[in-house]
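Count residues from 1 along the sequence.
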Amino acid sequence: DVQLQAFGGGLVQAGGSLRLSCAASGFIFDDYAIGWFRQAPGKEREGVSCINRDGSTYYADSVKGRFTISSNNATNAEKLVYLQMNSLKPEDTAVYYCAYKWGRISTAQQMNVLNEYDYWGQGTQVTVSS
């Protein structure tokens, strides 16, 4: 099974930065994607960004230019995926989750589809104060 653990959330003032990390382990498939989602109170979970094994990335329009997704060069069996969040806004407040998909994500629309993903980690809270 794939295990995912998200961490790095916290409280930050508007305009500040945070870096989230997702530790992913237990997979050996040649092609995969790891995505970040968020869910604010009373709202649906939405896709934020994802990265394919080949390094290609997708972003939600709401975070383009502010968030950057990246990964380390670890083996498929254990990997770290980062979400650098800059210029944070109060509307970025949410629980952030990482998720794993067997196979790649090919469009931003596909990135946002929850059932495309096969494994989910627990969330980490991000709170941006105004």
Side-chain angles (χ1 to χ4, degrees):
D1 281 354
V2 175
Q3 291 86 42
L4 300 162
Q5 184 174 3
F7 53 96
L11 173 64
V12 64
Q13 289 188 330
S17 299
L18 276 177
R19 189 176 81 159
L20 304 183
S21 299
C22 175
S25 62
F27 55 99
I28 57 172
F29 297 97
D30 288 340
D31 213 359
Y32 58 83
I34 295 177
W36 283 100
F37 285 74
R38 65 186 180 187
Q39 188 166 19
K43 294 188 176 181
E44 293 184 351
R45 193 171 297 190
E46 62 175 359
V48 174
S49 182
C50 75
I51 186 167
N52 288 313
R53 180 179 181 272
D54 66 3
S56 56
T57 60
Y58 296 92
Y59 295 92
D61 288 343
S62 59
V63 306
K64 280 181 182 176
R66 300 189 299 121
F67 290 12
T68 303
I69 191 170
S70 62
S71 65
N72 63 351
N73 291 322
T75 64
N76 283 354
E78 187 169 314
K79 201 164 191 71
L80 282 170
V81 174
Y82 307 104
L83 186 67
Q84 178 66 42
M85 305 185 297
N86 298 330
S87 302
L88 282 162
K89 305 175 181 179
E91 51 263 45
D92 294 318
T93 294
V95 178
Y96 283 71
Y97 301 87
C98 58
Y100 171 91
K101 170 183 169 56
W102 291 331
R104 63 185 290 108
I105 294 291
S106 299
T107 66
Q109 290 74 20
Q110 186 186 11
M111 174 194 74
N112 202 37
V113 178
L114 274 66
N115 62 15
E116 286 280 351
Y117 296 83
D118 302 285
Y119 294 93
W120 291 80
Q122 89 296 349
T124 184
Q125 176 71 46
V126 172
T127 303
V128 184
S129 63
S130 56

So do the side chains of [X] and [Y] get within less than 4.5 Å of each other, counting heavy atoms only?
{"X": "Asn52", "Y": "Tyr58", "value": "yes"}
{"X": "Phe37", "Y": "Tyr117", "value": "yes"}
{"X": "Val63", "Y": "Arg38", "value": "yes"}
{"X": "Gln122", "Y": "Gln5", "value": "yes"}
{"X": "Glu91", "Y": "Val128", "value": "no"}
{"X": "Cys98", "Y": "Val81", "value": "no"}

Can you tell me how far the [atom1] atom of [X] sits from the [atom2] atom of [Y], to the nearest 0.5 Å?
{"X": "Leu20", "Y": "Phe67", "atom1": "CG", "atom2": "CZ", "answer": "8.0 Å"}
{"X": "Ile34", "Y": "Ser49", "atom1": "CD1", "atom2": "OG", "answer": "11.5 Å"}
{"X": "Tyr96", "Y": "Thr124", "atom1": "OH", "atom2": "OG1", "answer": "10.5 Å"}
{"X": "Gln110", "Y": "Ile105", "atom1": "CD", "atom2": "CD1", "answer": "4.0 Å"}

Subject >> Check against side chain to side chain contact (heavy atoms under 4.5 Å, CB included), Tyr32 and Lys79 >> reply: CA-CA 12 Å; Tyr32 58 83; Lys79 201 164 191 71; 3.0 Å; yes
Which heavy atom of [X] sits nearest to which heavy atom of [Y], and what is that distance?
{"X": "Lys43", "Y": "Gln39", "result": "O-NE2, 3.1 Å"}
{"X": "Ala60", "Y": "Gly47", "result": "CB-O, 3.4 Å"}
{"X": "Gln3", "Y": "Gly26", "result": "OE1-CA, 4.3 Å"}
{"X": "Ser17", "Y": "Ser87", "result": "OG-N, 4.4 Å"}
{"X": "Leu18", "Y": "Leu88", "result": "N-CD1, 3.8 Å"}

Subject >> Ring geometry between Trp120 and Tyr97 (parallel below 30°, tilted from 30 to 60°, perpendicular above 60°) >> reply: perpendicular
**OP:** Give the ring-plane orientation class for Trp102 versus Tyr119, where under 30° counts as parallel, over 60° as perpendicular and anything between as tilted.
**Re:** perpendicular
Linking I/L/V/M/F/W/Y whenever any side-chain heavy atoms sit under 4.5 Å apart, do [X] and [Y] land together?
{"X": "Val95", "Y": "Leu114", "value": "yes"}
{"X": "Met85", "Y": "Met111", "value": "no"}
{"X": "Leu80", "Y": "Val126", "value": "no"}

Original post:
What do the steps show when you test Lys89 against Asp92 for salt bridge (charged side-chain N to carboxylate O under 4.0 Å, His left out), and what is the final call?
Top reply: CA-CA 5 Å; Lys89 305 175 181 179; Asp92 294 318; over 6 Å; no
